[in-house]
Amino acid sequence: MSTVDYAVQSSVAVLTVAYPPVNALSLAVRAGLGEGVARAIADPAVKAIVVIGSGTIFIAGADISEFGTPNSAAEPRLQTLQAQFEASPKPIVAAIHGTALGGGLELALTCHARVAVQSAKVGLPEVKLGLLPGAGGTIRLPRLTGVVVALEAITTGRHIGAVEANKLGIVDAIVFDLKADAIGYALKLAAEGTPPPVRDRNDKITGVDPKVFADFRARAGKKWRGQIAPARIVDVIEAATTRSFDDAKAFENEQFKALMESDQRKALIHYFFAEREARKIPDVPADIKPLPIRKVVVIGSGLMGGGIAMSFANAGIPVKLLDIDAEALARGMGVIRKTYETSLSRGSITQAQLDERFGRIEPVGGYDDLGDVDMAIEAVFEDMALKQKIFALLDKATPPHAILGTNTSSLDIDQIASATTRPDKVIGAHFFSPANVMKLLEAVRGSKTSAETIATVMALGKQIGKAPVLAGNCDGFIGNRMLQYYTVNAEYMLERGATPEQIDRVAEQFGMAMGPLAMRDLAGMAQAVNVRAVRKLTLPADERMPELVERMVEAGRIGQKSSAGFYRYDGRERLPDPAALDLIRAEAQRQGIEQRSFTDEEILARLFHPLVNEGAKELEEGIAIRASDIDVAWVNGYGFPVHTGGPMFWGEQIGLDKVLATARTLGAENGQTRWGPSRLLERLVAEGKGWKDAPALIAAGL
Ligand code: 3H9
């Protein structure tokens with residue numbers, strides 16, 4: 001079948017893009033559209049043209065899988081097609097449903113008009129791939145919306161709903177019967193004349209004060225955390241206001257090409273596919289149908305349970321919030337209400353959305369009235385006996401088909417499942433706090449979890465806007481198991497003479513939202529001491545747990561709450577504190593550790609290389625299926641900078657040999673049992689191989 005279907009209806013040529021799954025602008029689609037427009041222009045019976053997408057989407061942009069292949073540069077290139085569209089003597093109308101993204105919107109911007117159904121979304125999300133819109137988006141969009149809107153929309157890449165897009169001038173009309181109304185709109189343009197092409201509309205980009213750009217760079221720049229594309233986008237939008245269309249377009253081409261060559265682009269495209277790959281589980285056949293999840297119960301109305309309930313409510317799934325402690329339940333509902341009210345006051349939701357979402361959460365005080373829920377998620381504190389008791393109750397109180405998930409971050413899924421008569425339906429559903437915001441959903445398979453249960457939770461994750469990753473059942477699963485190395489290493493470095501400011505600065509310059517020590521202060525240290533006391537019991541004989549957190553707590557420095565921890569705090573402002581350094585020095589002396597200075601490079605290696613080494617061990621043990629799954633977990637659960645591609649991709653980019661060298665050093669310093677090199681890593685380095693070769697090596701028993 002052709003990728004672009006041609007049909008004439010009421011004197012209008014309707015070009016239907018049919019290139020599943022997302023109608024990306026592959027070479028075949030570009031060629032089909034070019035031929036379709038030429039044919040329509042040549043046909044005297046055709047008065048106008050409509051471009052529409054088949055399936056659920058208009059056009060999702062350039063075909064990302066074509067990047068770097070000869071097809072991406074082959075004619076007709078997107079820009080050739082756009083020139084043909086703009087020069088068409090017969091009006092072309094883009095009929096948008098689903099999404100019009102990137103090159104898809106850029107193509108629509110060269111049509112004579114754009115109509116959309118109310119549910120459609122448009123956007124230029126190239127920044128998320130480390131790119132800028134390279135087909136005129138940076139210079140055409142501001143001509144419709146003005147510079148301020150374009151700066152925000154293109155540097156964030158957000159999807160803009162059709163109604164807002166209509167108000168902003170991106171979409172000319174909201175329609176109901178897409179094809180019929182687009183045909184009508186096209187005939188109207190053919191009869192009454194077309195507006196000037198977007199490229200010639202200059203009123204919104206003339207006389208723009210350069211201060212707008214300076215202000216935007218100063219304000220938004222803080223959020224870019226080392227990403228290069230947003231700054232380039234601002235440069236090109238600024239050029240659109242100071243140069244001719246063609247000059248600005250040439251500049252956009254130049255900047256697009258430079259970004260295309262960048263490591264960040266490679267990392268972000270790796271990440272794009274990684275997130276989608278993570279949902280595919282090799283031993284879960286594609287024909288296994290996920291169960292529909294229409295109603296959910298969340299057990300435990302604390303911060304975690306409340307956040308999980310909100311995630312479902314936000315995605316349109318009714319949820320019961322169960323707590324046997326009436327006071328806690330009322331408090332939990334109050335916190336949820338307050339969180340929604342904060343979103344309302346920030347303008348991120350409307351009053352109607354607040355009412356709708358809050359209305360989907362029903363507080364319940366016991367297990368008697370759970371009704372026909374399809375899934376339960378337990379989110380109480382980490383106590384095996386309590387969890388087993390709850391699972392036994394759920395086993396009786398929920399319909400037999402219901403899946404029972406646990407939000408445990410460390411306990412054994414099999415042990416929890418053993419309290420039920422349906423261990424095949426028990427699975428870890430580990431959310432990250434705040435659960436209504438954080439995207440990671442770590443699904444954890446027990447030894448009896450069925451393929452259907454896994455498929456359901458992976459599909460559900462996507463449905464509620466999370467990035468699901470499947471982990472094996474072990475202490476800490478994928479993410480937290482690696483996290484210990486990052487946080488403990490920061491303490492080891494403090495003992496050896498690095499300062500909190502230096503360590504946090506290196507982590508933050510790398511792109512972490514907050515360094516590990518500032519994070520400790522924020523999270524508070526009093527609780528951490530208890531967790532560490534338990535962990536200490538299971539440490540191998542060759543490893544010593546640093547005790548700086550214990551010393552801090554003993555000195556009353558429990559973090560931001562006490563205005564002192566690794567830093568001192570003036571309100572929220574963190575300030576270096578000589579008293580903290582004294583305390584660290586004293587502890588180093590007590591341990592007989594000689595302090596020295598660290599370079600930033602060494603700090604970076606010691607913070608992040610151990611993640612990669614531990615990730616390799618998880619692959620060896622089958623805890624993570626793919627290196628890229630670990631990337632998805634760390635980007636979404638721990639704020640690892642997405643423009644590095646995630647820890648495993650980054651490790652391979654900088655060289656696995658470097659990661660191995662650090663593992664050897666840290667193994668010697670901190671204990672070989674846990675800190676020493678992964679066997680997989682050693683083999684990969686010895687043979688000059690990378691993560692893609694890992695499955696074969698692991699299958700062969702290394
Ligand atoms: C661009 O346009 C550059 C131009 O400015 C300049 C050019 C000169 N290409 O996400 P899903 C695949 S850059 C190829 O699960 P959803 C995806 O890998 C582009 N493949 O579906 C997956 O494959 P599989 C700017 C693509 O319904 C399948 O489609 N555009 C592309 O949840 C389903 O994807 C963007 O950045 C693509 N462009 O969400 C948009 N897009 O089934 C990127 C998707 O084998 N795309 N695939 O795993 C998206 O944001 C989402 O896919 C979308 C659909 C919202 C469209």
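Numbers for residues simply follow the sequence, beginning at 1. Atoms within a ligand are numbered from 1 in the order they appear, just like the ligands themselves.
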key: The one among Leu101, Asn253, Thr138, Thr99 that brings a heavy atom closest to atom 50 (O) of ligand 1   = Leu101
task = For Ala24, take its heavy atoms, then give the atoms of ligand 1 lying under 4.0 Å from any of them.
result = 9 (N)
request  = Please confirm whether the backbone N or O of Thr644 pairs with a side-chain atom of Gln653, one donor and one acceptor, at under 3.5 Å?
outcome  = no
message = Quick test: of every protein heavy atom, which one is nearest to atom 23 (O) of ligand 1, and how far off is it to 0.1 Å?
response = Pro21 CG, 4.6 Å
key: Phe272 neighbourhood, listing ligand 1 atoms whose heavy-atom distance to it stays under 4.0 Å   = 18 (O), 41 (N), 43 (C), 44 (C), 46 (N)
Where Asn407 and Ala429 come nearest, the two heavy atoms and their spacing = OD1-O, 3.2 Å
message = Students should be able to answer this: which protein heavy-atom is nearest to atom 44 (C) of ligand 1, and at what distance?
response = Val22 CG2, 3.6 Å
inquiry  = Donor-acceptor check, side chain of Asn166 to backbone of Ala162, threshold 3.5 angstrom: yes or no?
reply    = no
query = Could any protein non-hydrogen atom be found less than 4.0 Å from atom 32 (O) of ligand 1?
reply = yes
query = Do Ala62 and ligand 1 have an N or O pair less than 3.5 Å apart?
reply = yes
request  = Under 4.0 Å from a heavy atom of Pro133: give me the atoms of ligand 1 that qualify, with their elements.
outcome  = 5 (O)
inquiry  = What protein heavy atom lies closest to atom 42 (O) of ligand 1? Include the residue and the distance to one decimal.
reply    = Lys280 NZ, 4.3 Å
key: N/O separation below 3.5 Å, Gly134 to ligand 1   = yes
ask   = If you measure from the Lys or Arg side-chain nitrogens to the Asp or Glu carboxylate oxygens, is any gap between Glu164 and Lys167 under 4.0 Å?
value = no
key: Side chains of Asn253 and Lys249, donor plus acceptor under 3.5 Å   = yes
query = Do Arg360 and Glu356 sit within salt-bridge range, that is, some charged N less than 4.0 Å from a carboxylate O?
reply = yes
key: Carboxylate-amine/guanidinium contact Arg114 Asp172, below 4.0 Å   = yes
query = For the side chain of Asp629 and the backbone of Val469, is there at least one donor-acceptor N/O pair under 3.5 Å apart?
reply = no
query = What residue and heavy atom of the protein are closest to atom 4 (C) of ligand 1, and at what distance?
reply = Glu106 OE1, 3.3 Å
query = Counting each atom of ligand 1 from 1 as listed, which ones have a heavy atom of Gly61 under 4.0 Å away?
reply = 2 (O)
note = So the atoms of ligand 1 within less than 4.0 Å of a heavy atom of Glu126 turn out to be 1 (C), 2 (O), 3 (C), 4 (C), 5 (O), 13 (S)
ask   = Taking Arg30 as the fixed residue, which of Glu35, Glu66, Glu75 is the one that meets the salt bridge (charged side-chain N to carboxylate O under 4.0 Å, His left out) rule?
value = Glu66
remark   = Of Gly55, Gly103, Ala60, the residue with the heavy atom nearest atom 35 (C) of ligand 1 is Ala60
inquiry  = Checking a contact table here: which protein heavy atom is nearest atom 51 (C) of ligand 1, and how many Å away?
reply    = Arg276 NH2, 3.9 Å
request  = Evaluate the 4.0 Å heavy atom contact test for atom 39 (O) of ligand 1: does a protein atom fall under the cut-off?
outcome  = no
ask   = Can you tell me the protein heavy atom closest to atom 54 (C) of ligand 1 and the distance?
value = Ile57 CD1, 3.8 Å
ask   = Among protein heavy atoms, which lies nearest atom 14 (C) of ligand 1, and at what distance?
value = Asp63 OD1, 3.2 Å
message = Donor-acceptor check, side chain of Thr453 to backbone of Thr449, threshold 3.5 angstrom: yes or no?
response = no
query = With atoms numbered from 1 as shown, which atoms in ligand 1 lie under 4.0 angstrom from a non-hydrogen atom of Phe273?
reply = 18 (O)
ask   = Does the N or O separation between His159 and ligand 1 drop below 3.5 Å for any pair?
value = no
ask   = Is there a heavy atom of Lys462 sitting under 4.0 angstrom from any atom of ligand 1?
value = yes
message = Any side-chain to backbone donor/acceptor pair from Glu252 onto Gly136? Under 3.5 Å, distance only.
response = yes
query = Is it true that the side chains of Ser628 and Glu277 contain a donor and an acceptor less than 3.5 Å apart?
reply = no
ask   = Counting from 1, what ligand 1 atoms have a heavy atom of Leu129 closer than 4.0 Å?
value = 13 (S), 19 (C), 36 (O)
task = Compute both the distance and the angle, then confirm whether Arg217 meets the cation-pi test with Phe213: under 6.0 Å from the six-membered ring centre, within 45 degrees of the axis.
result = no
task = Take every heavy atom of Arg279, measure it against each atom of ligand 1, and state whether any distance is under 4.0 Å.
result = yes
key: Per-atom contacts of ligand 1 with Gly102, taking only distances under 4.0 Å to non-hydrogen atoms   = 2 (O), 25 (C)
request  = Check the angle between the aromatic planes of His430 and Phe432 and answer parallel, tilted or perpendicular using the 30° and 60° thresholds.
outcome  = tilted
message = Could you tell me if the side chain of Trp691 sits less than 4.5 Å from the side chain of Asp631, heavy atoms only?
response = no
message = Just to confirm my output: which protein heavy-atom neighbour is closest to atom 9 (N) of ligand 1, and how far is it?
response = Ile64 N, 2.9 Å
